[in-house]
Each structure stands twice: as structure tokens, then as C-alpha cells.
*Asks:* 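Got a structure for you, questions after.
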Amino acid sequence: MSAEAEVLEELGRLRARVPLLSGALAASADGLVLAQDTSAAEAETIAALTAAALGVAQRLTETTGQGGFRELLVRGEHGYVATYAAGSSAVLTLLAQPRINVGRLHLEARRASARIGALVDGALERLENS
């Protein structure tokens, strides 16, 4: 099974555990979609915007002495956009309905982002060694 298929499988499991998610995507830190489980037709745009937000968030955490980036939560009128570091070169971005339990979102997303990070970093390492 390819890393993309395994990441997609993880996104599906995450959406099953957190039913108020309306979308999930894994992207490279520079904004390329790695896998998506979302009805959003604009996955590429979301990934690119995530990369831009990631750059600002990384700069903010470093400048304020808070260390490396871990997660970003944006609350809008119609729900949440949450982004989590996934290993050294990827991010997990989730779209959630406004009535989601944010604590549960963080718990499940942190676990999923760790698994996705391991899959992506492992695939990159295999590519570098081949």
C-alpha cells in the first residue's frame, strides 16, 4: 500500500471518529495536497492557504519564544479550520462544524497527525535512500 493510500485511510478513520468534521486533508508544508477526504472542491486552494498560514504561525511561535509550530485553530461563523503539524514536512488540515467538541477535535487530530507524519516522513526517507 502506498503512503498516499495509507494517509487517505487515516483521514477516513479520523472522519469516522469525529463525525462533525466536514473535511480533512493532508498536505506538504509547501502547499501540495498529499491526500484528501473532503467534499471541498478547492482542496488545492485550502492546501495553499494552509501553507501560507503555516509560514505565519511558524514565524509567530519562533518570534515569541513558543518553540516550533504544533497547531493552529481558526474559528469562523460557520465552523473551524484546524491545522496540525504532521511530522517534519506535512500538515493535517481539518474543517469542522461549529458545534464540534474542540477538545475531542484536538485529541483525535493530534493522534492522526502523528500517524500521518510518520507515514509521510517514512515515505520521504525511503525515496531518499533509493
Side-chain angles (χ1 to χ4, degrees):
M1 180 180 282
S2 73
E4 181 181 346
E6 290 177 293
V7 170
L8 185 57
E9 202 173 272
E10 183 61 37
L11 294 178
R13 285 192 300 265
L14 175 61
R15 290 203 56 194
R17 289 190 311 269
V18 185
L20 293 178
L21 287 180
S22 51
L25 69 89
S28 65
D30 57 354
L32 299 174
V33 176
L34 301 174
Q36 70 181 63
D37 183 0
T38 178
S39 59
E42 302 142 346
E44 290 82 17
T45 301
I46 293 168
L49 289 169
T50 295
L54 178 62
V56 172
Q58 286 173 327
R59 179 76 189 262
L60 182 61
T61 57
E62 290 169 7
T63 300
T64 58
Q66 302 304 313
F69 171 80
R70 294 289 177 250
E71 57 197 48
L72 173 67
L73 180 68
V74 177
R75 181 178 176 212
E77 290 178 28
H78 304 292
Y80 296 88
V81 179
T83 299
Y84 301 84
S88 63
S89 59
V91 293
L92 169 65
T93 296
L94 305 174
L95 308 176
Q97 296 175 24
R99 63 186 193 281
I100 196 162
N101 177 320
V102 175
R104 174 82 188 272
L105 172 68
H106 284 320
L107 177 70
E108 295 293 347
R110 289 170 183 155
R111 291 175 180 163
S113 66
R115 288 190 286 270
I116 290 168
L119 291 168
V120 172
D121 288 349
L124 289 173
E125 186 175 309
R126 286 190 296 280
L127 279 175
E128 290 172 357
N129 292 331
S130 61

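Residue indices begin at 1 and follow the sequence shown.
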*Asks:* Enumerate donor-acceptor pairs with a distance under 3.5 Å from any side-chain N or O in residues 49-66 to protein atoms, sequence neighbours excluded.
*Replies:*
from, atom 1, to, atom 2, distance (Å)
T50, OG1, I46, O, 2.8
T50, OG1, T93, OG1, 3.2
T61, OG1, A57, O, 3.2
T61, OG1, Q58, O, 3.1
T61, OG1, G67, O, 3.0
T63, OG1, R59, O, 2.7
T64, OG1, L60, O, 2.7
T64, OG1, T61, O, 3.4
Q66, NE2, T64, O, 3.2

*Asks:* Who passes side chain to side chain donor-acceptor pair (under 3.5 Å) against R70, sequence neighbours left out?
*Replies:*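 Counting only residues at least two positions away or on another chain, R70 forms no side chain to side chain donor-acceptor pair (under 3.5 Å).
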
*Asks:* My understanding is that only residues two or more places apart in sequence, or in another chain, count here; which of them pass side chain to side chain contact (heavy atoms under 4.5 Å, CB included) with R75?
*Replies:*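 Partners of R75 under the side chain to side chain contact (heavy atoms under 4.5 Å, CB included) test: Y80.
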
*Asks:* Under the side chain to side chain contact (heavy atoms under 4.5 Å, CB included) rule, collect the residues that match up with N101, sequence neighbours excluded.
*Replies:*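 Once residues adjacent in sequence are excluded, the partners of N101 under the side chain to side chain contact (heavy atoms under 4.5 Å, CB included) criterion are R104.
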
*Asks:* Would a 4.5 Å heavy-atom cut-off, applied to side chains only, mark L72 and V81 as touching?
*Replies:*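 No - every pair of side-chain heavy atoms lies 4.5 Å or more apart.
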
*Asks:* Measure across L34 and A90 and return the closest heavy-atom pair with its distance rounded to 0.1 Å.
*Replies:*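 Closest heavy-atom pair between L34 and A90: CD1-CB, 4.0 Å.
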
*Asks:* Test side chain to side chain contact (heavy atoms under 4.5 Å, CB included) on L21 and L105; report intermediate values, then the result.
*Replies:* CA-CA 9 Å; L21 287 180; L105 172 68; 3.7 Å; yes

*Asks:* Kindly work out whether a path of hydrophobic side-chain contacts (I/L/V/M/F/W/Y, heavy atoms less than 4.5 Å apart) joins V120 to L92.
*Replies:*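 Yes; tracing contacts between hydrophobic side chains, which count when under 4.5 Å, links both residues.
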
*Asks:* Please find the pair of heavy atoms, one from A47 and one from L25, that lie closest to each other, and give the distance.
*Replies:*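 For A47 versus L25, the nearest heavy atoms are CB-CD1, 4.3 Å.
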
*Asks:* Hey, any chance F69 and L32 share a hydrophobic cluster, counting ILVMFWY side chains that come within less than 4.5 Å of each other, even indirectly?
*Replies:*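 In one cluster: no.
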
*Asks:* What is the minimum heavy-atom distance between I116 and A26, and which atoms define it?
*Replies:*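 For I116 versus A26, the nearest heavy atoms are CG2-CB, 4.2 Å.
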
*Asks:* Using side chain to side chain donor-acceptor pair (under 3.5 Å) as the criterion, list what pairs up with E71, not counting sequence neighbours.
*Replies:*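 Result, side chain to side chain donor-acceptor pair (under 3.5 Å) vs E71: R110.
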
*Asks:* Among residues two or more places apart or on two chains, list those pairs meeting salt bridge (charged side-chain N to carboxylate O under 4.0 Å, His left out) that have a residue in residues 20-39.
*Replies:*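 Output for this query lists R15-D37.
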
*Asks:* Mind jotting down which residue pairs meet the ring pair (Phe, Tyr, Trp, His ring centres under 6.0 Å) criterion with at least one end in residues 15-39? Sequence neighbours excluded, please.
*Replies:*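 Sorted pair list comes back empty.
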
*Asks:* Kindly write out the residues that satisfy side chain to side chain donor-acceptor pair (under 3.5 Å) with R99, not counting sequence neighbours, or none if the list is empty.
*Replies:*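 Applying side chain to side chain donor-acceptor pair (under 3.5 Å) to R99 gives Q97.
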
*Asks:* Got a sec, which residues hit side chain to side chain contact (heavy atoms under 4.5 Å, CB included) with L119, two or more places apart in sequence or on another chain?
*Replies:*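 Partners of L119 under the side chain to side chain contact (heavy atoms under 4.5 Å, CB included) test: E6, V7.
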
*Asks:* Rounded to the nearest 0.5 Å, how far apart are OG of S113 and CG of L14?
*Replies:*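 Between S113 OG and L14 CG, I get 9.0 Å after rounding to 0.5 Å.
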
*Asks:* Considering non-hydrogen atoms only, spot the tightest contact between A24 and L94 and give its length.
*Replies:*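 For A24 versus L94, the nearest heavy atoms are CB-CD2, 3.5 Å.
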
*Asks:* Between A35 and L8, which heavy-atom pair has the shortest distance, and what is it?
*Replies:*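 Between these two residues, the closest heavy atoms are CB-N, 4.0 Å.
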
*Asks:* Does any pair with a residue in residues 86-130 pass ring pair (Phe, Tyr, Trp, His ring centres under 6.0 Å), and if so which ones, sequence neighbours excluded?
*Replies:*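 Residue pairs with at least one partner in residues 86-130: Y84-H106.
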
*Asks:* I'd like to check the side chain to side chain contact (heavy atoms under 4.5 Å, CB included) partners of S88; sequence neighbours left out, ordered by chain and number.
*Replies:*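 Applying side chain to side chain contact (heavy atoms under 4.5 Å, CB included) to S88 gives D121.
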
*Asks:* In chain order, what residues pass the side chain to side chain donor-acceptor pair (under 3.5 Å) check against R17, with sequence neighbours excluded?
*Replies:*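 Applying side chain to side chain donor-acceptor pair (under 3.5 Å) to R17 gives E108.
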
